[in-house]
Every structure is written in C-alpha cells, then in structure tokens.
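The chains referred to below are lettered A, B, ... by the order of the sequence lines, with proteins before strands, and numbering in each begins at 1.
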Amino acid sequence: MQLYQSQELKIYNSLTGKKEIFKSINEGYVGMYVCGPTVYSYVHLGNVRTFMSFDVIFRYLKHLGYKVRYVRNITDAGHLENDADEGEDRIAKKARLEQIEPMEVVQRYTVDFHTILQKFNFLPPSIEPTATGHIIEQIEIIKDIVDKGLAYEINGSVYFDVLKFNETNNYGILSGRNIEDLIHNTRVLSGQSEKKNPQDFALWKKAEPQHIMRWPSPWGDGFPGWHLECTAMSTKYLGEQFDIHGGGMDLKFPHHECEIAQAEACNGHSPVNYWMHANMLTLNGKKMAKSTGNNILPGEIFSGNNAILSKAFAPSVVRFFILQAHYRSIFDFSNDALLASEKGFNKLMDALHCLDGLNISDSSSFDINAWKDNCYAAMNDDFNTPILISHLFEAVKHINQIKDNKATINSDDLEVLKSTMHAFIFDVLGLVDTVTTDNNDSNTLSNVIELLINLRAEARANKDFATSDKIRDELLAMGVQLKDGKEGTTFSLS
RNA sequence: GGCACCGUGGCCGAGUGGCUAGGCAGAGGUCUGCAAAACCUUGUACAGCAGUUCGAAUCUGCUCGGUGCCUCCA
C-alpha cells in the first residue's frame with residue numbers, strides 16, 4: 001500500500017480556480033511538465049523560487065509513492081523581445097554583445113542554472129529537454145495545425161489563427177480573458193505587423209539573413225515560436241494529455257494559453273488536467289525580472305556580496321526562507337526576513353540534533369500520531385509548506401521540553417517523531433543540515449577551537465576568569481561564538 | 001483602459017463565518033563566576049466605511065493603497 005492511497009491530496013487548479021482532489025490519469029503514475037528558463041542570463045532568485053516550488057511538489061509526490069515523470073525544459077532557442085517584427089532575439093542579442101556564438105550563450109547559462117539549483121539541493125528532473133533538440137517535432141505540429149486550417153503562412157512565417165480557433169474553442173479559458181476584450185485592449189504596436197490579427201501568435205518565424213539561429217523548414221529557414229516548444233516536448237514525453245503543468249504566474253498568459261490552443265488544435269482536447277502557477281518573488285515590492293535588473297542572484301546571497309545584504313546566507317537557509325511562504329502568494333525578499341528565517345532554521349536544526357539523545361519514557365505526553373497527521377494535512381492542502389513548517393516547530397517545542405524533562409516520549413513515538421521529521425525536513429522540503437557539513441569542511445579549524453575551549457575550561461576551573469574571558473571575547477571578535485551548555489561548550493562560526 | 005490578485009499584531013508570513021498557525025523581534029523567567037548561547041512563558045492583529053448574520057478579520061458593496069498580466073519574462 002502506497003501513501004497516496006490513504007492521503008487525499010488537493011491541488012489548486014488555475015484552470016478552474018478551485019482546489020481539487022488530485023487523481024492521476026494512470027494510478028500510481030504522475031506526469032508533470034514545468035516551463036524551464038530561457039538561458040540568456042544568470043538565473044535569479046525569482047526564477048529559483050518557481051522551480052523550488054515544483055521541486056517540493058515533485059518531492060512530495062514521490063514521497064507519497066507516485067512514480068513521477070518530471071519534465072522541465074530548457075529554452076535555448078532565441079525568441080523575440082516583443083511581438084513586433086523588428087524585435088531582436090534575446091539569445092542572439094546576448095551573443096552579439098558578448099561576441100560569442102549563440103550556443104555559447106546557451107551553454108554558459110545552462111551550466112549556471114544547473115550549478116545554482118544543485119547548491120539549493122534540487123532533485124534533477126526526469127527529463128530536461130531543449131527546444132533546439134526538438135525542432136523536427138515542432139515543425140510536425142505546425143504542419144498539423146496548418147492542415148487543420150488553424151494556422152496560416154505569410155512571408156515565410158506561420159501564425160496561429162486565434163480568431164478562427166475561438167470559433168470552435170475557447171481561447172482565454174485559462175487566464176479568464178475573452179476574445180472581445182483582447183481585441184479591444186490590444187496595444188498599438190510600433191511595427192507594421194504581417195499577422196491577420198494582433199492576437200495571432202507565431203508558430204514559426206522567418207529568419208532574417210543576419211539571424212544566426214536558424215533551421216530549414218517547409219516555409220524556409222526560420223526558427224520556432226516560443227509557445228510551441230512546450231507543446232512539442234510535453235506531448236512527446238508525457239502524451240497528449242497529462243496530469244500537471246506548472247510554471248511561473250507570468251507565463252499564464254499568453255504562454256500557457258497558447259499551449260492550450262496549440263494542443264487543442266492538434267489533438268482536439270485539453271492537454272493538461274491540473275494547471276499550477278507559482279507566484280512572483282518581489283524585491284522592493286516589485287517583481288524580480290531579468291529585463292528590468294530588479295533582481296538578486298543566488299551567488300550574491302551565498303557570498304553576501306550585495307548592497308542590500310548584511311551578511312552571507314547558506315543555500316538551505318534561503319530554501320527554508322522561500323518555503324516559509326506559500327507558493328501561490330507573492331513573496332517579498334528582504335534582508336530582515338532572511339535573517340529571521342536563518343534563526344528559525346538554526347533552531348529547527350538544533351532540535352533535530354537533539355533527537356538522538358532524548359530520554360525515553362513509558363508514555364508520551366503528546367499525541368504524536370495526531371501531529372504526524374497534521375503534517376500530512378498541511379502538504380495535502382495544496383502543498384502548504386508554511387503550515388507544515390509551523391507543525392515542525394511544534395515538534396521542536398516538544399523535543400526541547402523532553403530534553404528539559406518537562407515532557408515525555410515513549411520509544412515507539414520517538415521513532416515516529418524521528419522518521420517523520422527526517423522525511424519532511426530532508427526528503428520533502430529538501431533542506432540540508434548545514435551544521436554537519438560546515439564542520440566537515442573545516443576540521444583543522446575545529447580542532448584548534450576545541451583546544452582553546454579546553455584551555456578556557458581549565459582557566460575557569462582555576463577561577464582564572466581573566467584568561468577565560470579573553471579567550472571567549474577574542475574568539476567572538478574573530479567570528480567564533482562559544483556556547484556553554486550543560487554537556488560542555490560548543491561553537492558556531494558566523 | 002481591460003482582466004486578475006492582494007492589504008493580517010513591531011517585522012515576515014499562514015489561515016479562516018464562532019475553537020483565532022508559526023518564525024523573528026520585544027518583555028519576564030531558568031541556566032551561568034559574569035555574559036553569550038540555549039530553553040521555558042508571554043501577544044485576540046486582520047486597510048477604511050457601510051451591509052448580511054445570533055456572530056465577520058473571514059461573505060457583499062463602496063473607498064483608499066499596492067501588485068501581476070495584457071510585449072520577452074519563473
């Protein structure tokens with residue numbers, strides 16, 4: 001019996017605007033597609049937040065016993081900066097500015113993306129396909145849509161006919177827009193468009209002579225439209241209809257709307273059962289974005305090298321910080337909030353370290369199974385990590401009370417407590433115990449500090465407080481804080 | 001302008017028609033040679049104004065403030 005058979009998971013479905021009981025198409029299996037990054041610059045913390053949300057969702061589905069095929073693409077084909085014809089391809093622009101090949105741009109930022117996610121302890125997706133690796137599949141889809149009369153070619157480019165599609169289908173179903181509003185509210189474009197209607201979107205764009213990223217097609221040399229790659233790759237690896245499609249809130253319209261239209265045009269039915277959207281991470285109250293420069297890079301946080309940061313923060317602290325907010329809420333980044341999270345994270349880890357040394361009693365003074373049920377209930381309620389974390393802190397309180405002999409736990413319950421804490425903290429939330437890793441990294445330093453701790457202990461035993469305080473205060477000035485406890489003195493590095 | 005969303009105690013953030021998370025900070029205490037650290041205890045807050053209700057922060061309307069999408073974007 002797998003956990004998912006006894007746990008009722010509810011997911012907020014963007015398509016219906018409601019929390020729905022999750023039921024996968026094939027029992028025991030889940031297909032999940034998440035829109036990955038366009039690799040034309042360094043991944044910033046806002047990007048990371050979205051992928052982290054889905055990393056936790058992936059982890060929890062696996063924890064429940066599902067076999068999950070998680071597909072997250074890399075957008076490595078350049079797409080235009082705007083909808084007008086004179087726009088420049090972002091990757092090509094970067095290549096021009098840095099005087100390198102477009103594929104060098106793509107390689108550089110793909111490596112950065114992977115390196116950063118690894119530091120945050122992400123699980124790799126099951127498949128990570130690239131747009132340029134699926135040009136043929138994309139061309140086949142375009143041909144299919146053209147054959148069905150829902151796309152038209154003009155001057156070597158192919159556009160999706162939104163108005164025609166809307167005669168038989170509902171364009172705007174995901175984002176709650178209707179076609180009349182779109183027509184009335186379309187911004188006036190600076191360039192003269194060759195599209196029949198401004199709402200139409202490109203499936204294939206003709207490559208101008210100077211355009212480097214280009215592929216042959218039935219319509220001449222060109223490159224695919226942005227929305228198409230996700231339809232091609234999700235269909236190829238997950239099928240015409242799959243369970244979960246995720247991405248950032250900013251992709252809801254038009255990107256995901258267009259994906260639905262393309263898939264429906266090809267296959268005659270909706271491609272996805274549960275649409276999920278992670279909300280934006282803001283900085284100074286505004287959305288983080290590559291294009292505006294209002295963002296912070298993970299590397300700056302790990303090193304503390306940014307004007308708004310008072311110090312460096314470990315990846316797990318940042319991970320914990322992000323997971324303290326629900327994935328569907330807008331979340332503002334600030335140094336103060338991060339500092340508060342760091343203290344909370346350390347408190348959680350300290351309690352975890354105490355688990356093995358707890359005294360066992362004949363009975364427990366609290367209901368461990370009710371607590372465990374609460375943890376699952378939190379995650380089952382649309383992956384509510386903040387609530388889960390609040391329950392973890394409830395356990396921290398119990399652990400500390402047991403340590404102080406103000407509460408009791410029996411051996412069976414202790415095992416449940418240990419396994420549940422480990423499962424949720426490490427497996428589901430994906431946090432890493434920084435304390436243990438730090439100490440392993442600096443053995444020599446640890447030994448030196450241990451020596452000083454022993455010298456100080458001797459001085460204190462001799463009531464030579466001048467010496468003991470000197471050791472303590474000077475170490476503190478160097479960033480080494482001594483912590484006197486009942487079982488001896490420990491230290492931490494700041 | 002259109003379509004959404006949000007406004008919670010000093011700060012960050014959950015939640016929700018009556019039982020009213022959690023973290024940080026603050027206050028009190030335990031411990032300590034003194035400290036620090038750690039731990040324990042402690043807070044009825046939900047933008048404003050009306051309305052519905054036995055009862056609303058939670059539902060409805062209006063006002064004010066903020067954000068996202070409508071162009072590439074996680």
Using the ring of each side chain (for Trp, its six-membered ring), is F51(A) parallel, tilted or perpendicular to F113(A), with breaks at 30° and 60°? perpendicular

Assign the ring pair H255(A) / H227(A) to parallel, tilted or perpendicular, where the plane angle (0 to 90°) is split at 30° and 60°. tilted

With sequence neighbours excluded, what pairs up with [X] under the salt bridge (Lys or Arg N to Asp or Glu O under 4.0 Å) test?
| X | result |
| --- | --- |
| K119(A) | none |
| D55(A) | R59(A), R319(A) |
| E300(A) | none |

Once you apply a heavy-atom cut-off of 4.0 Å, does [X] come out as touching a base, just sugar-phosphate, or nothing?
| X | value |
| --- | --- |
| T38(A) | sugar-phosphate |
| D332(A) | sugar-phosphate |
| F393(A) | sugar-phosphate |
| L339(A) | nothing |
| H44(A) | base |

Mark yes or no for whether N384(A), through its side chain, and N380(A), through its backbone, hold a donor-acceptor pair below 3.5 Å. no

Residues pairing under salt bridge (charged side-chain N to carboxylate O under 4.0 Å, His left out) where one sits in residues 322-336 of chain A, two or more places apart or in two chains, turn out to be R328(A)-D382(A)

Counting the benzene-type ring for Trp, do W371(A) and H391(A) have ring centres under 6.0 Å apart? no

What residues from [range] pass a heavy-atom cutoff of under 4.0 Å to RNA chain B?
| range | result |
| --- | --- |
| residues 374-387 of chain A | N384(A), P386(A), I387(A) |
| residues 47-61 of chain A | N47(A), T50(A), F51(A) |
| residues 309-326 of chain A | Q324(A), A325(A), H326(A) |

Can you tabulate the close N/O pairs, meaning under 3.5 Å, that link protein atoms to atoms of nucleotides 64-69 of chain B?
unit_1: U67(B); atom_1: OP1; unit_2: K286(A); atom_2: NZ; d: 2.3
unit_1: G68(B); atom_1: OP1; unit_2: K287(A); atom_2: N; d: 3.3
unit_1: C69(B); atom_1: OP1; unit_2: K287(A); atom_2: NZ; d: 2.3
unit_1: C69(B); atom_1: O2'; unit_2: R177(A); atom_2: NH2; d: 3.1
unit_1: C69(B); atom_1: O2'; unit_2: F253(A); atom_2: O; d: 3.4
unit_1: C69(B); atom_1: O2; unit_2: R177(A); atom_2: NH2; d: 3.4

Among F333(A), F120(A), F313(A), find the residue that satisfies the ring pair (Phe, Tyr, Trp, His ring centres under 6.0 Å) test when tested with F321(A). F333(A)

Excluding sequence neighbours, so at least two apart, what forms side chain to side chain donor-acceptor pair (under 3.5 Å) with N335(A)? S310(A)

Taking side chain as C-beta onward, heavy atoms only, is E342(A) less than 4.5 Å from K311(A)? yes

Could you go through nucleotides 34-39 of chain B and list every protein N or O atom that sits under 3.5 Å from one of its N or O atoms, giving the distance for each pair?
unit_1: C34(B); atom_1: N3; unit_2: R472(A); atom_2: NH2; d: 2.4
unit_1: C34(B); atom_1: N4; unit_2: R472(A); atom_2: NH2; d: 2.9
unit_1: A35(B); atom_1: N6; unit_2: D484(A); atom_2: OD2; d: 2.5
unit_1: A35(B); atom_1: N1; unit_2: D484(A); atom_2: OD2; d: 3.3
unit_1: A35(B); atom_1: N3; unit_2: R472(A); atom_2: NE; d: 3.4
unit_1: A35(B); atom_1: N3; unit_2: R472(A); atom_2: NH2; d: 3.3
unit_1: A36(B); atom_1: O2'; unit_2: Q481(A); atom_2: NE2; d: 2.7
unit_1: A36(B); atom_1: N1; unit_2: D484(A); atom_2: N; d: 3.2
unit_1: A36(B); atom_1: N1; unit_2: D484(A); atom_2: O; d: 3.3
unit_1: C39(B); atom_1: O2'; unit_2: D404(A); atom_2: OD2; d: 2.8

Within 45° cone of F331(A) ring axis and under 6.0 Å: R49(A) NZ or CZ: no

Give the stems involving RNA chain B, where a stem is 3 or more consecutive Watson-Crick or G-U wobble pairs (i with j, i+1 with j-1, and so on) under 3.5 Å. B:1-7 with B:64-70, B:10-12 with B:22-24, B:26-30 with B:38-42, B:47-51 with B:59-63

The side chain to side chain contact (heavy atoms under 4.5 Å, CB included) partners of T130(A) (sequence neighbours excluded) come to I74(A), D76(A), T132(A)

